[in-house]
Every structure is written in structure tokens, then in C-alpha cells.
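What follows is a single structure, written as C-alpha cells, with notes after it.
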Protein chains: 2
Amino acid sequence: MTQEDVAREVGVSRTLVSFAFRGAPGVSNETREAILDAAQRLGYRQNAAAADLARKQPSAVGLYLLDLRNEVYADIFYGVREALEEAPNRLILSVSPTANSLGRAAVDSLIEARIGIVIAATLLDSDADVQELAQTVPLVSVARRVPGVDSVYSDDPAGAKAAVRHLLELGHTRIAHLAGPPHEGHQGRRRAYERMMSDAGLPPRVVTAEDYTQEAAEWAILPLLADSGRPTAVFAHNDVLAVGAREAAYRLGFAVPDDLSLIGYDNSRISRLHGIGLTSVDLHAPELGRSAGRAALERLANPLAPAVDLSSSPRLVVRGSTAPPPAEAQKDRP
Amino acid sequence: MTQEDVAREVGVSRTLVSFAFRGAPGVSNETREAILDAAQRLGYRQNAAAADLARKQPSAVGLYLLDLRNEVYADIFYGVREALEEAPNRLILSVSPTANSLGRAAVDSLIEARIGIVIAATLLDSDADVQELAQTVPLVSVARRVPGVDSVYSDDPAGAKAAVRHLLELGHTRIAHLAGPPHEGHQGRRRAYERMMSDAGLPPRVVTAEDYTQEAAEWAILPLLADSGRPTAVFAHNDVLAVGAREAAYRLGFAVPDDLSLIGYDNSRISRLHGIGLTSVDLHAPELGRSAGRAALERLANPLAPAVDLSSSPRLVVRGSTAPPPAEAQKDRP
DNA sequence: CTGAAAGCGCTAACAT
DNA sequence: ATGTTAGCGCTTTCAG
């Protein structure tokens, strides 16, 4: 079923059919309707691949997501799609093989699908690699700032500081940080934590999850919590890891927040559930997605504009997972 | 950057480059390596759209997902991808606009992307519409049986029966069902519930969420729970809805399972969390995804084979959200 | 083993 | 307003 068939059915040339479909001028309303009608009747669907090929200017937007099991990426996805709603650009998804993969391969597959631009959330590759990637194809980095590359992100150090400050104000001194894998560009939360701790004259304690899964978080934090000098509070890199820490705590018989205060990051839906009530830093993922979508559209329209650098402010949302440290821990205080 | 460029670089014809890339026979190892090498050097990437166009036989598989905020679809996605891992077929994703949309539009967009087959999880359209859709493009229905169409699904009536039976055995008599929107092909759980209730001589009580979101579930069930003759147990269509019911219960000051027993469906990760511990029916979503992926590959290889009808057995996973009805409710028992 | 040539379905000048 | 024509990048006969 091609435009040819439709043209024959209506008795016009193939060009007219093409014009009619793109709403291009130069077709009488009468013919246009006849064409659309016939297409409908024949069940004709455009071949987007062929159209892109002929157009020479790929207009599709590729969206790379690190992990479908972390709801923050769903938020970003829906945000991006909202931004593209009015635009004619198709949205093509690519999901990372694991929650700890570099984005190169996935972005490559997007390139093979001939997208005009890729929105990436989030790239674990080094700054240099991302910059090189951005040389190959227009790229918008979401939730991470990469110098010289369009970036739409939240101020991670500010969010982390607010989280740690909250813990300090509650009276905690033994505060640990549950970090993700140490990839460049994703150290802002950890660094801000370390800075805050050292400013407070407190020893930092960082534990690293092997990837961004709940299971990895459980494994990583279990020994720390089992230790006698265990922390009274944990600030996790994100909600998925925080939930992992929470599971580990309960497995060891500790309660949150009675024995352990917990802060996550992303303010995802899970953090809002009764009985979980995770204090979390909201980076406004849907808005991040919308901004990224808009940025992509602008970049497509104006390839030579200077790189966008769009930072937003996160917000600490206090819920029931944080409380003053337990009494027996208080005696250790200076 | 095209095959032409690579050919020129190596000093061979374009055809050779094409052959080399597809691993087709007829290229000496020497030339092949030289070609792959040059391609690498030049940063050449295949144009999948053009290749598909020329090949005339689209090999990509399109995967339609109803809702990215329901983790069961992530499970299905990863399952499908696992099944396609070895295959050369690309996987293209399409996500429903809302958690209550018919799949037609999304599948249409997949068709425009010229996929060879679509795997749909889950279609809310009527059986007739799905059958018509399957006429247009090869289709594998996941988690729903559609007569005459390749279907990979779990035995919903069996799962629902096990859930209701569990509740009955605990001594509940006022058991409500929280259903999703009443779309054809998604009534198996509700019907089995009704059957079980009537077999037990108990009045069924069905409440319907407007879509498959947690929020809709909360809205739907709130009046029921606020009622004086409220149920002592709720069997929800899936975990997302069950979590909505749980939120509604706590908002009204009821505890699960002390005041209200709750059963979900899907056994998604959220149901396994400490403090949620939702009794749930496991339909083995990852395996469903893998089976669907394999079925799609087989259909592609053998377009004329009779429709696949692959049913699997769900399993009730009992956790802490179900318990005997509260004492004050016992007095109402016959 | 290599190359020439046709054509996939569509767009976009360029005619008429 | 409508038709002609030349590609887009690739695969695939068919001849060397």
C-alpha cells in the first residue's frame, strides 16, 4: 500500500498524494479530501522511514532512558512527550541494557534509526565521551550538566546540601551517603555531602552501590548497617537506592526513622506512599523532561545556537523517614 | 556518511560495503576487515531506515506498552528485549498516551515506523478491533487473549479465583473487587471474582476505577471504604490499583490488614516492600515478555502458521496485607 | 570475489 | 492546480 496506489485510486499523480498528506499548499481542497478519503478507505499509512530518507533531514527525536524500573525516567519520558505533543517530530525510545551501562551503544542504535537529535537521560559516560557523542549527533543531556553540550538539569549540590542540612538540624552526626557508581558527572550529590560533613566537622562515610538498582543498594549498605558504629542517618543518591537501604534496615531489624533516618532523591511516587513516606529531594522530573523536549525542538530549529545550560532548583520534601537520632546514639555526640 | 564514502575510502564498490556489513558471503576476509576498519575510522553508521526500505521486509519489532508508571510493563519490556537479544531485529517502543487509551493510534504510529510485527501489552480495544488491527499488521497480544490472534497471556480467572479463595478461607465475607475500566478482554478477573462470590453465596461488590492509575483507584474506592457496611477485604485488578486502595484506606484511618485485607495482581516490586507487603497474584511478567518476544520472532519467520495461544498459570503470593477479618466484623457472619 | 544497475516509498525541485 | 523527474542510502539480482 503506497502513495502510488492511493493516487491510482483517486486518479491523480503520486505527487498530489504526497502534498495532500503533508498539508503542503498546491492542492485544491476537493482533491485533498478525495485523497485523504481514499487513503482512509484503502488503509494507507505513510512510510515514515521512506519519508525521512527522502527528506534528508531526520526530524525524529530519540529519547534514551537509563532504567525503566526507576519511575523518574517515566516522569521524564512523559515530560518529553508532552513537549513534543504539538510538534510533528516522532519520538523514538531507547532503553539502556542495564541500570549501569554507558549510553554509547544505545545512542548508536538511535543514530541508526536516523533520529535528528537525541535526548539522553541519563548518560553515565565521561564528559569527554559525551562531548564526542554530541559531535556525531545533536544531543540534549538531561539531569546532568555536560560542558559545551545542551544540558537540562537540577542543581544537585543544592539538593544534597538541603538534605544533609536537614539531617544535621535533626541532630544527626553519624550520617552516611549511599552513592551510585562513581561515574563522572554524577558526583555532585556525593561531593556536596562530603563538603557539608567536613564543614560540620563530621567524618563522611560513603558507601557505593554497584549499579542503580534497589538490590545493589541493599548489598552495599548491609555491612554498614550491621556495624556497631552504624550511622543514624543515610542520605541516598536516589529513591531507588533509598528504598534498598530501607529494605536492608528492616531486614536487620531496624525501623525507619526510629533507628535510622533516610533521605532519598527524586521524590518519586514510591516515596509518597503511606508507610514509606520517604523524605526526598524533588528535582521536578516531569518539568525536566518538558524542558529537554523544548530544548531539543529549539536545537533542531537552530543548529548553530550556543549550547543551552538550563539549571533548576530542587526542593527538599520532608516526610516521615527522617527524625532525630535515637536516644542511645545521642550519648556519642561531642 | 554513507556506504559510498566507506567504499571510496577503501577503494571498492559500494556493494562490497553492503555485503561486508551484513556478513553476507562473497567478500574476502581481507576486504571485509578493511571495510569494517574504515567504517569504524570514518564513524560510519548504517541507516536502518534505508536498509529496511531496500530490503522490503521490515524486520523491526514494535512494542506497545500501556503505561510506563506500572512496573509490570517494564518487566514485560525487559523480557521482550531478552528474547530479541540474539536476533538482528530492532525493537521500537511505543507508549500509550494515557493509562486508559485504546491502542489503535499507538499501533498506527508503529506501522508508520514500518515495523514487521507489533507486540502489544496491553490493548484495551475490543476483540473485533484487535482482530482488524491484526489484519493490517502481524500482532502478538500480551497479557490478553484475543481469539484468532497470537496471544501470550496468563490465566486470569485462575489467578482471581486463587485470590478470592484465599480471602474466603481467611473468613472474609464482605469482599469487594476494585476493577479497571470495563474493556472487553479485561474482564476475566472480575468475572472470576463474581463467580467465586456467588458460588460462596456472597453478594459481589464491584467498584470501577476510571483508568489504571493509583489516583483513579483512590477516587473509586474511597466512598466504598467510607461506608458503614464497608468490605473487610478488597481484591484489586492489579498492584497499582491495590496501592491506590491502600492509600485510601490509610487516609480514612484504616490499617492494612487489621481493618482491611488487600490483594493485588502482578506481584510487582512495590508489593514486595517492607511495610507494603502486598499479597498479590504473580503472572510472571518477565516470562510473559520473553514468550511474546519469541512468538514474534516465530511469526516473522513463519507468517502463515496458525495463531499462537499461549496460556500460563499465575501464582498467588501471600504476604502481610491479608489476614482474617477484624473481630467486630465477624459478628455479621452468617 | 567484485561491480553495475534497478528499485524500495517518498520528497522536492522543476515543469506544465 | 497538477504532473515529471531526480534522487535519499541501501539491498539485491545479475554479469563479469
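Just so we're on the same page: letters track the sequence lines, and every chain starts at 1.
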Inset, instruction - Please state whether the phosphate of D/dT11, meaning OP1 or OP2, lies under 4.0 angstrom from any side-chain nitrogen or oxygen of B/Ser18. - result: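 Yes, such a contact exists.
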At 4.0 Å (heavy atoms only), tell me whether [X] reaches a base, stays on the sugar-phosphate, or touches nothing.
X       : answer
B/Glu4  : nothing
A/Thr2  : sugar-phosphate
B/Arg22 : base
B/Phe21 : nothing

Would you find a donor on one side and an acceptor on the other, under 3.5 Å apart, between the side chain of [X] and the backbone of [Y]?
X        : Y        : result
B/Ser151 : B/Val146 : yes
B/Gln187 : B/His183 : yes
B/Gln46  : A/Glu112 : no
B/Ser291 : B/Glu287 : yes

[X] has an atom [atom1]; how far is it from atom [atom2] of [N], in whole Å?
X       : N     : atom1 : atom2 : result
A/Leu16 : D/dT5 : CG    : P     : 16 Å
B/Met1  : D/dC8 : CE    : C1'   : 16 Å
A/Asp52 : D/dG7 : CG    : C1'   : 16 Å
A/Glu33 : D/dA1 : CD    : C1'   : 16 Å
B/Gln3  : D/dC8 : CD    : P     : 14 Å
A/Arg32 : D/dA1 : CZ    : C1'   : 12 Å

Inset, instruction - Decide if the gap between the ring center of A/Tyr78 and the ring center of A/Tyr73 is smaller than 6.0 angstrom. - result: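 Not close enough - the centres of the two rings lie 6.0 Å or further apart.
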Inset, instruction - Determine, for B/Arg299 against B/Asp150, whether the closest basic-nitrogen to carboxylate-oxygen distance falls under 4.0 angstrom. - result: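 The answer is yes: the pair qualifies as a salt bridge.
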Legend entry - Ionic contact status for B/Arg45 with A/Asp108, cut-off 4.0 Å: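 The answer is yes: the pair qualifies as a salt bridge.
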Inset, instruction - Look at the side chain of A/Arg14 against the base of D/dT5 and say whether a donor-acceptor pair falls under 3.5 Å; ignore hydrogens and angles. - result: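 No such pair is found, so the answer is no.
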Legend entry - Residue met sooner reading DNA chain C from 5', once B/Val27 and A/Asn47 are mapped to nucleotides: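 Nearest-nucleotide comparison on DNA chain C picks B/Val27.
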Legend entry - Residue met sooner reading DNA chain C from 5', once B/Thr31 and B/Arg55 are mapped to nucleotides: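 Nearer the 5' end of the strand: B/Thr31.
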Legend entry - Candidates D/dT4, D/dT11, D/dT2 - which lies nearest the side chain of A/Thr15: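 Given the options D/dT4, D/dT11, D/dT2, the side chain of A/Thr15 is closest to D/dT4.
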Legend entry - Polar contact flag, side-chain donor to acceptor under 3.5 angstrom, A/Asp211-A/Thr213: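 Result is yes, a qualifying pair exists.
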Legend entry - Bend angle of the helix from C/dC1-D/dG16 to C/dT16-D/dA1, from helix axes over five pairs at each end, nearest 10°: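 That helix has its two terminal axes inclined by roughly 40°.
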Inset, instruction - List the steps, then state whether salt bridge (Lys or Arg N to Asp or Glu O under 4.0 Å) holds for B/Asp37 with B/Arg32. - result: CA-CA 8 Å; B/Asp37 205 65; B/Arg32 159 171 290 122; over 6 Å; no
Inset, instruction - Would you mind telling me which residue lines up with the more 5' stretch of DNA chain D, A/Phe19 or B/Leu53, judged by nearest nucleotide? - result: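 So the residue in question is A/Phe19.
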Inset, instruction - Indicate yes or no: at least one non-hydrogen side-chain atom of A/Tyr212 is less than 4.5 angstrom from one of A/Asn70. - result: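 Answer no - side chains too far apart.
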Inset, instruction - Anything under 4.0 Å to a heavy atom of chain B counts; send over the first and last such nucleotide of DNA chain C, read 5' to 3'. - result: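 In short, chain B contacts DNA chain C from C/dC1 to C/dG9.
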